[in-house]
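Notes for the one structure printed next.
In what follows, every chain begins at residue 1, and chains take the letters A, B, ... in the order their sequences are listed.
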Amino acid sequence: MAAPIPDLSAAMVTTPVPPAHWLAILPVALCISLGALLLMLRSLPRLQAWIAIAGLAVVLFLDAALLRQVVEHGPLTMVMGRWLPPFGIAFTVDVFSALMALAAAVAALSAGIYALSDVTESGRRYGFFPLLMLLMAGVTGAFLTGDIFNLYVWFEVLLISSFGLLILGSERAQIDGALKYAVLNLIATTLFLISIGILYASFGTLNMADIAERAAGLSGTAPLMTLACLFLLAFAMKAAAFPVNFWLPASYHTPRIAVSALFAGLLTKVGIYALLRVLVMLLPVERDELSLLISVVGALTIIVGALGALAETDLRRLLGYVVISGIGNMMVGAALGTADGLSGAVFYALHSVVLMTALYLVAGEAGRRGGSFSIAALAGLYRQNGWFAAISLMLLLAACGLPPFSGFWPKVLLVKASLDVGAWWLAGAILLGGFLLTIACGRVFLLAYWRPALMALPPVRTGWTASLPLAALTILVIGFGILPEQLLQLARSAAEGLADPSAYIFTVFPEGTIR
Amino acid sequence: MMDYTLAIATALLLLAGAFFALVAAIGILRLPDLYTRMHAASKAGTVGSGLLLLAAGIYSGELAVLARALAGFLFFILTAPVSAHLLAKAAHKTGHFPADISVRDDMRMR
Amino acid sequence: MITPAAIVSTAAIAALGILCVALLITVWRVIAGPSLPDRILALDMLTGIAIGFIAVVAVRTGFSLYIDIAIALGLVGFLATVAFARFVLSRGQVGDAGPGTQRRN
Amino acid sequence: MNTVIFRTVAPFITALMLLFSVFILLRGHNEPGGGFIGGLIAASALAIYGIAFGVQAVRRAMRFHPLAIAGFGLLLSCIAGLVSIFFAMPFMTGLWIYPVVFGVEVPLSSVMLFDLGVYLVVLGAVASIALALEEREMD
Amino acid sequence: MADVTALTFLALCLPLIGALAAPFIIRAFGAGGAWLLAVAPLLAFLHFLRLLPQIADGEIITDGYDWVPVLGLRFSWFLDGLSLTFALLITGIGTLIVLYAGGYLKGHPDQGRFFSFIFLFMGAMLGVVVSDSFLMFFIFWELTSITSFLLIGFDHEREAARRAALQALVVTGGGGLLLLAGLLLLWGQTGVAQLSELLQFGDIVRGSPLYFATLLLVLAGAFTKSAQFPFHFWLPNAMEAPTPVSAYLHSATMVKAGVYLLMRLNPVMGATSAWEVLLPIFGGLTLATGSVLAIRQTDLKLKLAYTTVSSLGLLVLLTGFGSDYAVEAAVLYLVAHSLFKGALFMVAGIIDHETGTRNITRLRGLRKAMPLTFAIAMAAAFSMAGLPPFFGFLAKEEIYTALVGGDLYSILATTIAVFGNALMFAIAFAVAMRPFLGRPVETPKPPHEAPVLLWLGPAVLALAGLLVALFSGVIHGAISSPMASAVAGIPKAVSISLVPHVGLPLALSLLTILLGIAVYWQLDRSRTLVGYLLHSVQGPDRGFDHVIAGLVRFAHHVIAIVQPRRLDVYVACTFLCVAAILFVPLISHDELPLGFVWPADLRLQEAGVMLIALFGLAAVLIARDRLTAIVSLGIQGFAVALIFLLFGAPDLAFTQFMVETLAVVILALVMTRLRLSPTDPRHGARRLFDIALSLACGLGFALLLMRSTDAPFNTALTDFFNAHSKLIAHGANVVNVIIVDFRGTDTLGEIAVVAVTGLAILALIRIRGNSERRLATNDPDAEEA
Amino acid sequence: MSVLFLSLPLAVAWVAVTGSASPHNFVFGLALSLLSLAVVREAFADRSPPRRISPLHILLLAGLFLKELALSAWRVALTVLSPRMQLTPGILAFPLTVRDDFQITLLANLITLTPGTLSVDVSEDRRTLYVHALDCADPLAVRRDIADGFERRIMEAFG
Amino acid sequence: MEVLFAILVGLFFSAAVYLILSRFSIRIMLGIAILGNAVNLLIFTAGRVTREVPPIIPTGADMLPSGAANPLPQALILTAIVISFSFLAFLLVLTYRAYQELGTDDTTRMHDAEPEDRSLPPLGY
Ligand code: NA
Ligand code: NA
């Protein structure tokens with residue numbers, strides 16, 4: 001065939017890829033490969049577990065290396081299949097992505113270790129660890145990709161994996177919860193996909209850097225405002241913001257604790273990540289116009305979440321509302337859009353990943369030790385084990401945003417940012433939310449820990465599978481509370497990257513690239 | 001000339017195929033019960049889509065395509081009676097008996 | 001003078017029209033029923049007509065690749081009907097209610 | 001579906017459909033088809049076989065657990081994306097080789113390997129679903 | 001001389017070190033470990049003492065380390081007369097408390113833990129008073145709330161203790177949040193985040209339009225912490241804590257944090273009419289309330305606690321009064337109060353510890369058994385009563401000097417002060433004399449003198465009350481004057497001594513004493529009277545229970561509404577949001593389609609296929625039973641496939657046919673097992689609502705799609721794929737090349753979804769509820785395992 | 001054995017469908033055919049190939065079938081399009097002479113595709129075929145037609 | 001032509017939403033199946049509609065002739081179809097299991113994850 005000799009450089013990146021750029025895809029590729037491998041090894045549950053844990057440790061390491069790379073050398077892009085952006089799928093990593101990926105890996109590794117003792121034999125046989133790996137693939141892919149349709153795909157990967165994890169055990173409550181979770185989340189991802197369709201109709205492109213560049217030129221001709229609203233709704237659902245938070249309290253408390261912990265750490269944060277990425281970076285003008293709406297939603301979410309924490313008896317459901325309240329805080333940050341507001345949201349997201357994972361592990365241990373998840377029935381945990389009570393208390397306080405724990409800093413940033421723009425009512429909502437949570441968490445500690453049990457609880461040994469992740473996460477929560485500088489800097493640079501994506505765009509389209 | 005032959009053959013096959021498909025549809029609409037409707041579906045339906053496939057095969061002018069079209073036709077012939085049989089049997093077994101105009105039902109006497 | 005292509009094209013348009021009518025009629029049977037097997041039969045028929053439809057589109061566009069779609073549809077359509085037949089068998093009596101389900105195999 | 005007629009025809013149909021699925025898989029790059037549809041057809045073939053002969057027969061026919069097949073396919077696809085690491089090219093870069101087998105040049109590529117992975121994933125997963133659903137019947 | 005910066009840092013860390021070491025030391029040495037533990041606060045005390053001359057010379061020490069530079073935040077301290085005095089009180093009394101606690105909790109299984117909490121508190125309190133940056137101040141502020149929560153709830157098996165702990169946390173923690181807002185407002189107004197710098201910005205702060213809001217927020221923090229009316233109720237309840245805690249946190253240190261804050265901000269926010277009205281009003285109310293309620297109590301600790309409330313009210317009143325002497329009076333009274341109240345609490349603890357009761361009506365004639373304690377108590381009571389030659393006398397003289405004036409405002413304040421002081425006089429002796437005099441009565445435990453660990457602390461404090469009065473010149477030079485200067489923001493020299501000046505203040509003092517004696521004389525009757533008067537008054541303490549329970553009930557109702565436990569409601573809400581989110585911006589931002597052009601060249605087969613699609617939809621919608629709906633589902637799917645076919649998308653048509661068919665197969669396989677009731681109608685209003693909502697959503701999407709396809713289309717991507725898929729990517733089917741090559745990563749994710757679906761469905765079917773029973777006969781995995 | 005026997009026609013089908021008659025493609029097709037038959041090998045395990053295969057009679061059978069198929073479609077058309085459909089439908093039992101599964105199946109399928117008749121079921125003992133006929137007024141005639149037509153031809157082709 | 005497609009898409013959405021609003025999980029599933037098709041049609045329309053010429057490069061040509069359909073939305077839809085098929089399959093099985101475990105497909109009668117009789121948490125301390 002006498003085909004004309006194609007001009008490769010017009011279609012492809014012709015320079016070799018620096019090895020460091022592989023860090024953008026390796027965490028995802030590794031998660032998928034290991035997930036696939038574990039699918040093949042389904043009949044060897046013990047081996048499976050260890051491969052998964054080791055794999056997650058490697059992923060954690062890779063994410064850390066990626067973060068380091070991004071912090072030192074700026075955002076990086078790897079174009080899949082060498083195709084020039086915006087034609088091929090690009091994985092573009094900035095500080096925000098890398099931070100979120102790293103936090104996700106921390107949560108996943110912790111939950112994975114806890115699962116060693118928490119997940120039953122049948123749960124393992126029917127895929128806990130492969131599902132965990134593929135969930136991580138989805139989460140990490142969502143954080144690292146630079147293509148909006150690809151983002152949708154990773155959303156779906158993590159969603160279906162979460163379905164699998166949610167029903168593992170097939171108890172009645174699980175199935176009921178899963179049904180609600182599945183239907184509502186499916187509506188959310190469908191809204192996301194619809195938004196992408198409309199976005200494509202308007203922009204003709206899917207690369208996020210490309211969209212960010214074109215967005216300003218299109219306002220007026222394309223229905224960008226409606227589009228922004230659709231994205232907002234889709235991601236608000238994913239993030240479980242009020243009034244579309246139904247799925248979370250309906251389902252989070254039903255699976256095994258390791259799964260709840262994983263979900264609490266990861267799922268809603270992916271929604272927040274996408275919200276920030278799309279609304280702040282891609283559609284900044286529209287976000288600005290929507291800021292009042294987002295603020296109101298955020299404030300209501302904070303309050304409703306806190307009230308839910310007060311109203312619930314089941315410890316796991318209570319924690320679900322704590323997650324929701326946190327989401328409200330992050331939404332407020334997104335609504336403000338200022339450097340402080342955004343870095344507050346980013347910091348809060350990272351804090352929440354670590355904290356909520358830890359708190360669900362606490363709930364798991366509390367349930368195991370006290371024989372119930374109901375704060376009406378739980379009692380005597382303080383007398384039974386002081387260390388566990390201490391860790392629990394610190395984490396509960398962190399959830400209220402009290403110092404000296406990691407939840408304090410984002411709250412300060414957000415309140416300050418709210419006051420700076422004169423939104424005293426937002427600051428009020430944040431503080432009121434923290435206040436109500438303090439009451440709720442205080443009551444938990446009073447009832448479940450301090451209150452003497454009717455019969456003294458027998459001493460329960462905490463295996464390393466629970467104590468190791470709990471200790472590590474608690475150290476993080478305290479560490480970032482006492483020495484927040486590093487993380488604050490990272491959060492700030494993540495926020496700057498969102499607000500001014502020129503560096504992000506530059507890595508995708510360095511000068512001289514044919515557009 | 002060859003072109004015209006081919007074109008007319010194709011056209012005829014198309015029209016005949018469409019006609020039989022329509023017949024099958026009308027049969028499904030008009031015939032009184034499941035079993036009689038099955039006659040229309042399995043015979044006219046198969047012939048109709050078979051002829052249309054054949055038309056496509058001939059019109060392409062490629063032997064491989066014609067081979068594929070024929071293979072497809074054969075396949076329908078292989079499967080249509082089986083699915084008709086399975087459906088009829090299942091229906092009968094679950095009490096969907098022939099309509100009242102039927103004159104006999106030997107299966108029911110089993 | 002009518003070109004061969006025009007002959008075929010006209011015939012194809014006519015065929016498509018007829019097939020559309022056939023499809024609509026069949027759809028009516030799916031909706032009208034009355035019994036489940038009737039609907040299944042109509043669905044099976046729908047697959048058959050769709051196969052023909054694809055073949056005509058293949059003729060109209062000159063892309064023979066459509067034929068493979070038709071073949072594949074035939075294969076999978078068969079599966080659907082088999083599965084439905086099985087469904088009827090295990091699902092129950094006339095009226096689709098009641099416990100009268102002989103569980104076979 | 002224990003009928004003589006169906007049981008006699010089913011294996012033929014299954015074999016034919018499997019063959020056809022490979023055909024669809026291989027030509028996907030140039031015409032409609034590819035791994036996904038090929039996999040679906042193959043799974044359909046096995047479903048027909050299963051309806052005729054029962055779940056156990058399909059399990060024996062497949063030799064491996066369907067999910068292991070799906071896992072293998074996923075791994076294969078991932079590896080097809082990863083091989084480019086050895087050529088300093090990004091993930092998912094299509095690599096083509098043209099080995100000569102018995103005098104005929106055969107174009108092979110990582111892309112085809114990828115599509116084969118897709119085929120196996122779909123085959124394994126859909127077969128697994130169908131088998132799992134069928135199995136309950138005997139509960 | 002060692003590096004002062006490092007040493008100060010170490011001094012701030014010493015309590016933390018103590019907290020970490022305490023459990024081990026107590027485990028190793030028992031209660032005697034207290035001697036060792038007391039070294040930590042003692043060293044810190046000595047360090048601060050060494051800085052005293054510098055501060056007395058008017059120097060201000062600000063130093064520290066970078067902490068959170070990104071927020072402009074340093075771990076830095078700010079030592080002037082005010083903070084150093086507090087630091088000395090905290091570490092000094094802290095040392096004594098550690099010793100006291102060693103005796104008080106001797107043999108308690110959790111004594112080590114108790115010491116940890118006490119030390120943590122000490123560190124936090126020290127942090128509050130030395131912090132220079134707002135946030136650091138606030139962090140320590142909240143830490144004191146948290147540690148006091150732990151300490152009040154130390155005796156956690158009693159419900160009252162748990163309740164009191166939560167109450168303290170809620171009240172002081174909640175106030176803290178408001179304070180945070182206030183501090184952030186200050187930060188925002190001035191741009192500085194350090195207290196030391198803020199002092200220069202008084203005019204800006206007072207002139208800011210946000211001044212009043214800021215003031216209210218700051219006062220909320222200060223008033224809750226310092227138990228001002230109407231937040232006073234938590235403090236007496238905090239007496240659930242072991243006595244060392246009451247003596248330390250709830251008299252000498254933590255409750256003064258609010259006063260500290262007001263004093264600290266006095267130069268910045270003071271001297272405004274708001275300041276000079278709000279503080280005295282709340283202070284006065286608190287003083288009156290505390291005194292009256294103190295009379296009513298029979299429990300020694302509670303009596304003292306209510307007088308603490310009064311004293312805090314007095315301090316706030318003075319801080320806000322605005323006259324020249326008021327600041328000096330506040331300073332003197334603050335120091336005096338720390339000394340005598342700490343001592344009296346410890347005495348109360350000793351009595352409790354040695355007799356087994358704190359009920360004043362059941363204690364008599366202890367002087368024989370506990371002479372030393374009696375002496376200590378009397379010394380402290382003299383100071384509290386404002387009698388010479390104790391420091392309390394100096395303070396009271398200064399108070400009256402400060403308050404006396406001709407205007408109504410002053411008269412009111414003076415009256416309240418006299419009234420409150422008289423009641424405090426009575427209570428001081430009620431606590432210090434009543435139990436010791438008279439004929440001994442039976443007590444739960446036979447009384448005997450306390451061990452040294454217990455009496456050492458109060459003895460030192462009581463003695464200090466005497467010594468500082470005797471050497472008032474030295475003390476004024478070293479402490480009172482620098483502190484008063486710091487509070488006033490301008491140099492002040494305190495000069496009052498034990499030598500009384502004849503004048504109105506002295507007369508008021510005498511009046512106070514007379515009144516006090518009268519009340520003491522009729523103590524039991526006064527108690528009855530107050531009890532009778534307040535019989536039906538619902539205090540805020542009861543209110544707290546109602547608020548918490550009401551809050552929980554309210555939350556429960558709210559959640560019942562916003563989380564109604566019905567999927568159909570969830571879905572309806574979601575789609576309402578969808579409809580709103582579509583129409584509002586479409587209309588408000590004029591994003592409706594520009595025009596509506598019916599396609600002129602619509603062909604018969606295209607229209608036919610679309611019609612079939614609509615028939616298919618209708619078939620599913622109108623199907624009366626679910627089974628019919630299921631079977632009809634295939635129609636629209638097929639129609640969509642045909643649409644794809646007619647509009648140039650064979651791959652889509654292919655996939656759609658396959659998928660649609662397989663979906664139907666799976667439906668059939670699944671439905672085989674369900675025994676559905678034949679119909680599931682939707683009726684009436686619900687049906688109309690659903691129809692309206694679904695039409696709205698559909699219309700919204702249609703309009704949006706029309707508008708977005710109105711505009712010209714950017715075909716850059718499409719052109720690229722069309723140009724390169726064969727030449728470079730070696731595939732003629734562009735769609736497939738996109739799927740496996742250009743956008744192969746999508747497909748990787750997609751097949752991951754497929755694989756996971758297989759796994760998830762398997763898990764769903766195989767695992768059975770609680771019993772986790774698996775299929776015995778035909779589970780192929782049984783063989784694999 | 002029968003697997004090998006069947007793989008040849010499958011390989012031919014492969015060649016036809018792929019449209020490349022090169023030896024490589026044939027060998028490749030053969031390999032694929034064997035593979036796909038290997039999957040269903042169990043189904044053929046207990047089945048011996050027909051004792052006698054007569055190509056001539058197969059062709060005759062095919063010819064008869066095509067004729068009957070065309071005729072039957074036409075008859076359906078006439079029936080369906082006639083304004084007043086005169087039908088005397090019914091299900092009748094047809095006693096089978098053929099015994100082999102393959103033959104029974106073939107017969108049943110051919111009956112379905114031919115005018116006026118449709119196989120509904122085979123009895124458990126494989127001796128009776130239940131046939132639905134559009135014109136069941138004379139069951140004996142229907143039975144005779146089948147016995148003398150397809151059943152005889154099948155026995156000739158696959159003895 | 002896009003206008004017509006938009007109307008069709010709107011009707012698909014309406015039907016899907018109406019079904020999803022049902023109390024019965026099986027109808028919801030049908031709605032979700034239709035919703036998938038609605039979205040696919042929406043994306044298809046988003047890439048603008050052309051007639052009949054598939055994006056397949058004819059033998060002998062190197063590039064796609066003009067007038068061919070836009071391949072990119074097709075590729076996106078392919079991915080979306082597969083994904084929505086997977087989800088539908090899962091949901092169907094979930095519905096079946098829910099029916100089996102909970103004895104109903106009426107979602108208003110499913111109170112296992114969120115029990116109907118929610119009592120107040122303890123109001124004491
Ligand atoms: Na679909
Ligand atoms: Na695909």
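- Here the straight-line distance linking atom CZ of B:Phe76 with atom CG of F:Leu113 works out to 13.0 Å at 0.5 Å rounding.
- Here the CG-NE2 distance, from F:Leu129 to B:His85, works out to 9.0 Å after rounding to the nearest 0.5 Å.
- For B:Ala44 against F:Ala73, the heavy-atom pair with the smallest separation is CA-CB, 4.4 Å.
- Of the listed residues B:Val23, B:Leu87, B:Val82, B:Leu29, the one with more heavy-atom pairs under 4.5 angstrom with chain F than any other is B:Val23.
- For F:Ala13, no part lies near chain B; criterion is any non-hydrogen pair under 4.5 Å.
- Within the model, atoms CG of F:Asn109 and OG1 of B:Thr79 stand 9.5 Å from one another, a figure rounded to the nearest 0.5 Å.
- Of the residues considered (F:Ala70, F:Ala137, F:Gly90), F:Gly90 shows the highest number of contacts with chain B, using heavy-atom pairs under 4.5 Å.
- The CD1 atom of B:Ile101 sits 11.5 Å away from the SG atom of F:Cys136 when rounded to the nearest 0.5 Å.
- Listed here is the closest heavy atom pair of F:Ser82 and B:Arg30: O-NH1, 2.8 Å.
- Heavy atoms of other residues, nucleotides or ligands lying less than 6.0 angstrom from CG of B:Asp100 number 12 at most.
- Interface check for chain B: of the options F:Thr88, F:Leu92, F:Ile111, F:Leu69, the most heavy-atom pairs under 4.5 Å are formed by F:Leu92.
- In this structure, the portions of B:Tyr35 lying under 4.5 Å from any heavy atom of chain F include both its backbone and its side chain.
- The NE2 atom of B:His39 sits 5.0 Å away from atom NE2 of F:His132, with the distance rounded to the nearest 0.5 Å.
- Listed options B:Thr46, B:Leu63, B:Ile77 were ranked by heavy-atom pairs under 4.5 angstrom with chain F; first place goes to B:Ile77.
- Between B:Ser42 and F:Leu118, the shortest heavy-atom distance links the atoms OG-CD1, 3.6 Å.
- Atom CZ of F:Arg152 has more than 12 neighbouring heavy atoms from other residues, nucleotides or ligands inside a 6.0 Å radius.
- Of the residues considered (F:Ser20, F:Ala108, F:Gly116), F:Gly116 shows the highest number of contacts with chain B, using heavy-atom pairs under 4.5 Å.
- Only the backbone of F:Thr114 comes within less than 4.5 Å of a heavy atom in chain B; its side chain stays farther off.
- The nearest pair of heavy atoms linking B:Arg68 to F:Val17 is NE-O, 2.9 Å.
- Formation of a donor-acceptor pair under 3.5 Å by the B:Lys43 side chain with backbone atoms of F:Leu71 is not found in this model.
- Between F:Ile91 and B:His92, the closest heavy-atom pair is CD1-CD2, 3.6 Å.
- Most heavy-atom pairs under 4.5 Å with chain B, from the set F:Val131, F:Thr117, F:Leu87: that is F:Thr117.
- Taking each heavy atom of F:Trp74 and B:Phe20 in turn, the nearest pair found is N-CE2, 4.0 Å.
- To the nearest 0.5 angstrom, F:Thr128 atom OG1 is 9.5 Å from B:Asp106 atom CG.
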